[in-house]
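Below is one structure, written out as structure tokens, with a few remarks after it.
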Amino acid sequence: MRLQGVGVGRGVVTGPVLRMPEPLPEPSDSPRTVSADEEYERAAAALRATALDLTERADRLGGEGKDVLEAQALMAQDPTLLEDVRARIDASKTAERAVFEAFNTFQQMLLSMGGYMAERASDLGDLSQRAIAHVRGVPMPEVPQVDYPFILVARDLAVADTADLDLTKVLGLITAGGGPTSHTAILARSKSIVAVVGVAGAADLDDGVRVLVDAGEGVVTTNPSEKAIEAAQRRLNRRRLKVPIGPGCLADDVAIPLLANLERVEDAERARELGAEGVGLFRTEFLFLGSEVAPSRERQHEHYARLLRAFPGQKVVVRTLDAGADKPLPFLRGGPETNPALGLRGIRAMRDNEQILRDQLAALALAAAESSAELWVMAPMIADAAETAYFVTLAREYDLPVAGVMAEVPSSALLAAQILGIADFVSIGTNDLTQYTLAADRLLGTVAHYQDPWHPAVLRLIKMLGDAGAQSGRSVGVCGEAAADPLLAVILVGLGVTSLSMTPEAMADVRTELRQHTLEHARALAVRALAASTAGEARAVMLES
Ligand code: PEP
Ligand code: MG
């Protein structure tokens, strides 16, 4: 049996399947038999215990997962949630039913908001399960603890499950849900776990069945032949041949700078250790999320100054706030939307809230003036030349000398020459560019297979941008996940991309692969990939090269 999903990274691994236990059954709706106060105390104690568990895990874990687990612990103690549980118990529900219903209502609300918020809904499902397990006094359905290595198969994994996976046992991950930008995928990528997500047939994989997980191809094969295992292993070995840390360049010494995608200043040091030649995408959302009011200029200035100090003399590309719609912020104007990904987000939301954008640019300009780093600013979700002109003019008002735009809406690729007549550079956001080109929500597991930047339609748009870059002599980078795929990185360079920005962990593989191709060869491969009619055919150009 051969099951198709979306691979994360390029690894190959083989081993026996072990399934994540099924979730706890839904609590029955029969009325409580003890007093409301007693029942409420059981529910409140379970929620306290859940929060405590998560806080302990957060402390053990540290790093990126820590904040997420701490946020979940807070959610388990949310006063509105507790009030809701109390009201349901007063209306004669049992503790476990009240907890189940309260979380469920919250979850439905998030799902109806779509996008980023809907993605958070699965975290609530996990919290609900944990709390119900505490009320019942039964173990939480968790990653199996066995003493042999296995491939974990699950519907989806909650952050709390993935956060402290025993990597000596979990060889790989297969999930039915989740797209390439889901939590599971992001975690798998950052921990270099071989994973294939969005596998529709994952439910058919039974415990003990031997599988070959090939993340490079996004394929899971049951009972693989020795030959298939060897072929996959050969490919992996070829890619393992690491070149030492140093600037990114092709076999003919054409420089392709490798830059880091960062969300938090704290990760700057790690990026430098891994050889980042600067920052190609600093996502400023982190600073704003969870705030009731926009952070002050002073607070932002302090934050940006720390970032720039970490990269003296190097290029640092900071993206202005990409919020609104699926990442709603309380202080942004704009109501609920039916299709948030197509709504008031990115630069559209900022134009409606221009003072926030101005404050951000002012804080950035101040930080840049005090630093030797070369600050480039860019705006997300730019659709055309008029929006480009709006942003570039505003950036100039604040004496920011290098102002560019992200190309993530297909119209920006179609109008690339006009846009590059105004912007100093373009950085291609392949995550959104793919989502919008193929009209498939990037956060939705059911359409995850569309979220494939190898699709020739996406490659053709990138080519338009690359060509416009060459004609104008301006830089065209990629900062979407596509840049982290070493094989695709070669094609991107062949399409005219001049720098690549990625999660720092991906740099070693990309650096190694680039070293094996001249510019002329990359261009020839790109021509063949452009002629493909499916993403699979385009990928095959590289797999067979
Ligand atoms: C992208 O869309 O490719 C991108 C880099 O931006 P984000 O993932 O933050 O939307
Ligand atoms: Mg984007």
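What you see below is based on every heavy atom in this structure, not just the backbone, and it leaves out hydrogens, waters and symmetry mates. Ligands are counted one by one from 1 in listed order, and the atoms in each one are counted from 1 as well. Source: prediction; values computed, not measured.
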Exercise. How about the Mg ion (ligand 2), which protein N, O or S atoms come within less than 2.8 Å?
Worked result: Glu408 OE1, Asp432 OD2
Exercise. Is the number of heavy atoms from other residues, nucleotides or ligands under 6.0 Å of Gln355 CD greater than 12?
Worked result: yes
Exercise. How close do Gly480 and Thr430 get, heavy atom to heavy atom, and via which atoms?
Worked result: CA-OG1, 3.2 Å
Seminar exercise, completed: Atoms of ligand 1 under 4.0 Å from any heavy atom of Cys479, numbered from 1 in the order shown, are 5 (C)
For this session: Please confirm whether Arg358 makes a cation-pi placement over Tyr398, using NZ or CZ under 6.0 Å from the six-membered ring centre and within 45° of the ring normal.
Result: no
Problem set entry | Flag if over 12 foreign heavy atoms under 6.0 Å of CZ, Arg523 | no
Problem set entry | Evaluation steps, salt bridge (charged side-chain N to carboxylate O under 4.0 Å, His left out), between Arg396 and Asp399 | CA-CA 5 Å; Arg396 300 272 188 261; Asp399 288 331; over 6 Å; no
Exercise. Got more than 12 heavy atoms from elsewhere within 6.0 Å of CZ, Arg528?
Worked result: no
For this session: Taking atom OH of Tyr450 as the centre, report whether more than 12 heavy atoms of other residues, nucleotides or ligands fall under 6.0 Å from it.
Result: no
Exercise. Counting each atom of ligand 1 from 1 as listed, which ones have a heavy atom of Glu408 under 4.0 Å away?
Worked result: 1 (C), 2 (O), 4 (C), 6 (O)
For this session: Decide whether the shortest distance between a heavy atom of Gln435 and an atom of ligand 1 is less than 4.0 Å.
Result: no
Exercise. Under 3.5 Å, is there a donor-acceptor pair linking the side chains of Ser501 and Asn261?
Worked result: yes
Seminar exercise, completed: One finds that the ligand 1 atoms under 4.0 Å from a non-hydrogen atom of Arg442 are 2 (O), 7 (P), 8 (O), 10 (O)
Problem set entry | Result of checking Leu488, Leu259, Leu492 against Leu500 for side chain to side chain contact (heavy atoms under 4.5 Å, CB included) | Leu492
Exercise. Asp432 to ligand 1: N or O pair under 3.5 Å?
Worked result: yes
Problem set entry | Carboxylate-amine/guanidinium contact Arg272 Glu269, below 4.0 Å | no
Problem set entry | Numbering as shown, the atoms of ligand 1 that approach Gly429 to under 4.0 Å (heavy-atom distance) | 1 (C), 2 (O), 3 (O)
Exercise. Should Arg319 be listed as contacting ligand 1, given a heavy-atom distance under 4.0 Å as the test?
Worked result: yes
For this session: Begin with the C-alpha distance, continue with both residues' side-chain angles, and end with the deciding distance and a verdict on side-chain contact (heavy atoms from CB on, under 4.5 Å) for Leu342 and Tyr436.
Result: CA-CA 9 Å; Leu342 305 180; Tyr436 295 125; 3.7 Å; yes
Exercise. Which atoms of ligand 1 sit under 4.0 Å from any heavy atom of Gly480?
Worked result: 3 (O), 5 (C)
Exercise. Do any N/O atoms on Arg345 end up under 3.5 angstrom from N/O atoms on ligand 1?
Worked result: no
Problem set entry | ligand 1 contact by Glu481, heavy-atom criterion under 4.0 angstrom | no
Problem set entry | Contacting atoms of ligand 1, where contact means under 4.0 angstrom from a heavy atom of Leu281 | 5 (C)
